[in-house]
2 protein chains.
Amino acid sequence: MAASIIDVARRAEVSTATVSRALRGLPNVSEATRERVLRAAEELQYAVSPHASSLASGRTGTVGVILPFVNRWFYSQVVAGIDSVLRAHDLDLLLYNLGDERVHERFFSRMPLRRRVDALIVLNLPLSAAECEALVSMEVPVAVLGTRIPGCWHVSIDNAEGASTAVRHLINLGHRRIGMITGALGDPRGFTTPIVRQHAYRTVLSEADIPYDPDLEAPGNFGIDEGASAMAKLLSLPDPPTAVFAESDQMAFGALRTLNRMGLRAPDDVSVVGFDNHETAELLGLTTVAQPVAHQGELLARQILDALSGACEEPTQVVVPTRLVVRSTTGAASAARPRHQHLSPRPGPEPDQNSRTTAR
Amino acid sequence: MAASIIDVARRAEVSTATVSRALRGLPNVSEATRERVLRAAEELQYAVSPHASSLASGRTGTVGVILPFVNRWFYSQVVAGIDSVLRAHDLDLLLYNLGDERVHERFFSRMPLRRRVDALIVLNLPLSAAECEALVSMEVPVAVLGTRIPGCWHVSIDNAEGASTAVRHLINLGHRRIGMITGALGDPRGFTTPIVRQHAYRTVLSEADIPYDPDLEAPGNFGIDEGASAMAKLLSLPDPPTAVFAESDQMAFGALRTLNRMGLRAPDDVSVVGFDNHETAELLGLTTVAQPVAHQGELLARQILDALSGACEEPTQVVVPTRLVVRSTTGAASAARPRHQHLSPRPGPEPDQNSRTTAR
DNA sequence: TTGTAGGCGTTATCAA
DNA sequence: TTGATAACGCCTACAA
């Protein structure tokens with residue numbers, strides 16, 4: 001059995017209260033006593049019981065992070081950023097992956113984080129008003145990425161600006177037939193990022209007097225495979241786009257894959273812009289809107305620290321800049337646009353279905 | 001203030017003990033009573049205090065996951081796999097990112113997970129014997145990915161087999177000058193995966209009567225940038241390799257980037273094989289050794305469930321298969337090998353340093 | 001500076 | 001089937 005505070009107290013010949021004080025570095029403990037306690041604790045390999053401590057003090061030393069996907073590049077980067085800051089302040093990180101719809105519902109019906117965390121970080125999660133309400137009612141500081149919840153701390157990029165820049169880039173290259181691969185699921189709840197970006201796309205087009213065509217918007221749900229399907233859909237239009245804005249690099253990757261498989265090339269046949277500046281974007285030469293990802297995680301964690309320490313009374317709202325990184329998947333609109341759907345595939349990289357697989 | 005068990009007991013006109021039993025679905029509670037308690041709890045929005053519960057029961061309902069990087073593709077996939085299984089059994093996931101050396105040391109000197117988790121999952125972490133000892137001494141089930149710790153549960157791929165297959169593939173294509181980009185940091189501690197793979201590489205070469213050349217082994221530390229540097233180093237050899245085995249896809253990506261920047265191509269100038277089957281490997285046409293990543297996470301979590309439920313007495317050890325996926329970065333060794341280092345760069349994708357960046 | 005003792009919210013062991 | 005009550009291990013007024 002592990003040693004308890006009582007064992008340490010006995011060994012150091014002081015009271016448990018003194019042990020508690022000494023171990024936590026509180027004032028009003030003589031140096032001699034503190035050292036005696038420290039040594040006793042050391043000798044007994046004593047470690048405080050976090051549960052007992054939490055129960056008594058009301059603090060948990062834990063921050064909950066809820067997000068829709070752990071395994072997507074963007075989120076794993078953000079989590080790493082959060083972790084680095086939290087860890088430096090001895091706060092633990094409780095991870096909740098709410099991607100699955102049933103898990104999501106269960107989370108909000110049972111609120112398993114209630115009394116379990118000192119603060120909450122919410123990453124890009126589509127939340128109903130009632131769900132926002134539920135989070136706020138936990139009465140701990142909440143920092144939100146990407147969405148706005150009244151009374152909460154807030155970090156985000158300027159999505160309208162980022163998306164506008166991407167679309168303007170394509171227009172400046174002479175494109176008039178510009179598609180968008182959106183992340184929207186048609187979800188009625190408040191994950192506003194895709195909505196804002198889509199709105200920016202439409203606005204910029206209309207400012208350039210380019211007529212709106214709903215067919216040019218294809219949903220990709222932020223996944224590679226879905227991005228690939230979306231691109232296939234766009235290419236199958238009677239009048240396919242000459243340029244496509246995908247609102248995440250992963251969807252852009254999918255789009256590029258579709259192009260590859262059809263024997264088409266970016267930017268020769270279709271220009272492609274992504275969003276994020278994913279770690280492999282450079283390798284693929286993908287033009288994209290870069291945003292500082294891990295940094296946003298750090299900012300969220302810092303906000304939580306501020307809230308917890310009381311350094312800052314009112315929740316703040318920080319907007320970090322994006323920048324357009326032009327690489328080689330975007331180029332000038334060519335005068336003679338090929339009719340993609342009638343092209344016979346060029347010899348390109350071998351489609352994966354046909355890749356030889358050696359079972360082992 | 002949140003309602004406590006006492007409030008519920010009063011409202012349902014029973015004792016706290018009965019409330020506890022009713023809420024946890026234990027037997028020996030009459031249906032009528034149980035319903036009364038459930039209703040009272042519902043009305044009061046009662047939720048158990050996890051800390052109080054843990055303190056009293058000794059169970060924490062939490063599993064700790066310690067790993068070297070959350071933000072690398074491989075680990076985020078594994079975590080997603082773990083999470084899905086744990087979540088389905090109402091176990092929480094406490095994440096510890098020990099990538100930083102100081103964080104690592106601090107973790108093992110303070111053991112913050114002691115009494116904080118019911119079980120531990122360790123992902124590919126370089127651990128000293130003393131550190132393994134420390135983990136085992138926590139007296140909770142430990143499941144380990146990639147490394148072997150006596151007394152612990154264990155999931156891994158057959159690394160020797162996977163690496164051998166990759167190298168043999170290159171030899172079968174006629175390559176004799178084969179480099180390896182290794183993940184090893186020269187770390188003396190027990191993260192055996194890179195060691196095993198390196199050993200397999202050497203063994204296969206020697207079986208093919210290819211002389212061993214230490215210059216052909218370049219460390220890449222599993223990162224893209226480091227993989228790129230490693231490839232640059234290999235290409236700068238007096239007698240550079242015609243094929244390279246990178247023991248992770250991310251390092252292979254870096255290698256491909258270096259090739260691109262030097263105006264070289266895979267497989268024309270150098271063949272490249274990776275390891276993992278990263279989500280963008282297909283897009284890049286990367287030949288690689290595929291392993292089921294998220295699945296390994298699920299297996300680890302299942303082992304923990306078995307251990308916790310007592311379904312299985314003895315720790316098990318499961319090895320999952322890998323398979324070679326041949327794509328387009330590997331090809332036959334050409335008779336006339338170009339001297340890479342003397343080539344003038346071909347027009348390839350624009351290097352990123354020079355990419356136009358629009359600040360905003 | 002140090003000690004005493006009550007309280008944090010459950011669970012688990014008895015006894016009824 | 002139910003209830004009383006002693007843990008669980010620590011924190012924190014308050015008192016000394």
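Note on naming: letters A, B, ... go to the chains in the order of the sequence lines (proteins, then strands), and numbering restarts at 1 for each one. What you are looking at is a predicted structure, and each value in this text was computed from that prediction instead of being measured.
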Engineer: Who pairs with Phe107(A) by ring-ring contact (aromatic ring centres under 6.0 Å, His included), at least two apart in sequence or on another chain?
Structural biologist: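 Listed in chain order: Tyr96(A).
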Engineer: Pairs under 3.5 angstrom only: tabulate donor-acceptor contacts from the side chains of residues 64-75 of chain A to other protein residues two or more places apart or in another chain.
Structural biologist:
| from | atom 1 | to | atom 2 | distance (Å) |
| --- | --- | --- | --- | --- |
| Tyr75(A) | OH | Asn124(A) | ND2 | 3.4 |

Engineer: Quick one: which residue pairs count as a ring-ring contact (aromatic ring centres under 6.0 Å, His included) with a foot in residues 5-31 of chain A, not counting sequence neighbours?
Structural biologist: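 Every pair satisfying ring-ring contact (aromatic ring centres under 6.0 Å, His included) with a residue in residues 5-31 of chain A: there are none.
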Engineer: Between C1' on dG9(C) and CG on Leu44(B), what's the gap in Å once rounded to a whole number?
Structural biologist: 15 Å
Engineer: Give a yes/no on whether any side-chain N or O of Arg59(A) is located under 4.0 angstrom from OP1 or OP2 of dT12(D).
Structural biologist: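 So the side chain of Arg59(A) is within the cut-off, an N or O lying under 4.0 Å from OP1 or OP2 of dT12(D).
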Engineer: To the nearest Å, how far apart are Tyr46(B) OH and dG9(C) P?
Structural biologist: 10 Å
Engineer: Rounded to the Å, how far apart are Leu26(B) CG and dT11(C) C1'?
Structural biologist: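 Roughly 10 Å, once rounded to whole Å.
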Engineer: Considering just the side-chain nitrogens and oxygens of Arg24(B), establish if one lies under 4.0 Å of OP1 or OP2 belonging to dA12(C).
Structural biologist: yes
Engineer: Check the distance between dC11(D)'s P and His51(B)'s NE2 and give it to me in whole angstrom.
Structural biologist: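 The answer, rounded to whole Å, is 13 Å.
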Engineer: Quick one: salt bridge (charged side-chain N to carboxylate O under 4.0 Å, His left out) pairs with a partner in residues 117-126 of chain B, sequence neighbours left out?
Structural biologist: none
Engineer: Under 4.0 Å: is that the gap between some side-chain N or O of Ser20(B) and OP1 or OP2 of dT11(C)?
Structural biologist: yes
Engineer: Give every residue pair that meets the salt bridge (charged side-chain N to carboxylate O under 4.0 Å, His left out) criterion with at least one member in residues 38-63 of chain A, sequence neighbours excluded.
Structural biologist: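 Only Arg11(A)-Glu43(A) qualify under salt bridge (charged side-chain N to carboxylate O under 4.0 Å, His left out).
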Engineer: Nearest whole angstrom, please: distance from the C1' of dA4(D) to the CD1 of Ile6(B).
Structural biologist: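 The answer, rounded to whole Å, is 13 Å.
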Engineer: Round to the nearest Å and state the distance from Ile5(A) atom CD1 to dC8(D) atom C1'.
Structural biologist: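 After rounding, the reported distance stands at 13 Å.
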Engineer: Whole-Å distance between dC8(D) C1' and Arg115(B) CZ?
Structural biologist: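 Rounded to whole Å, this separation is 10 Å.
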Engineer: Would you classify Ala9(A) as touching base, sugar-phosphate or nothing, given that sugar-phosphate means primed atoms plus P, OP1 and OP2, and contacts are heavy atoms under 4.0 Å?
Structural biologist: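 Nothing: the residue Ala9(A), judged by heavy atoms under 4.0 Å, touches no strand.
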Engineer: Assign a letter to each nucleotide of nucleotides 2-7 of chain C from its 5' end: B, base within under 4.0 Å of a protein heavy atom; S, sugar-phosphate only; -, no contact.
Structural biologist: BBB--B
Engineer: Has Gln45(B) got more than 12 heavy atoms of other residues, nucleotides or ligands less than 6.0 Å from its CD?
Structural biologist: no
Engineer: Using whole Å, what does the distance between atom P of nucleotide dG9(D) and atom CG of Asp7(A) come to?
Structural biologist: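 Distance, rounded to whole Å: 9 Å.
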Engineer: Please determine whether side-chain hydrogen bond (donor to acceptor under 3.5 Å, both in side chains) holds for the pair Thr18(A) and Arg36(A), giving the CA-CA distance in whole Å, both sets of side-chain angles, and the decisive distance to 0.1 Å.
Structural biologist: CA-CA 11 Å; Thr18(A) 302; Arg36(A) 210 143 31 92; over 6 Å; no
Engineer: Under 4.0 angstrom, heavy atoms only, what part of the nucleic acid is Val19(A) near: base, sugar-phosphate, or nothing?
Structural biologist: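 Counting heavy atoms under 4.0 Å across all strands, no contact is made by Val19(A).
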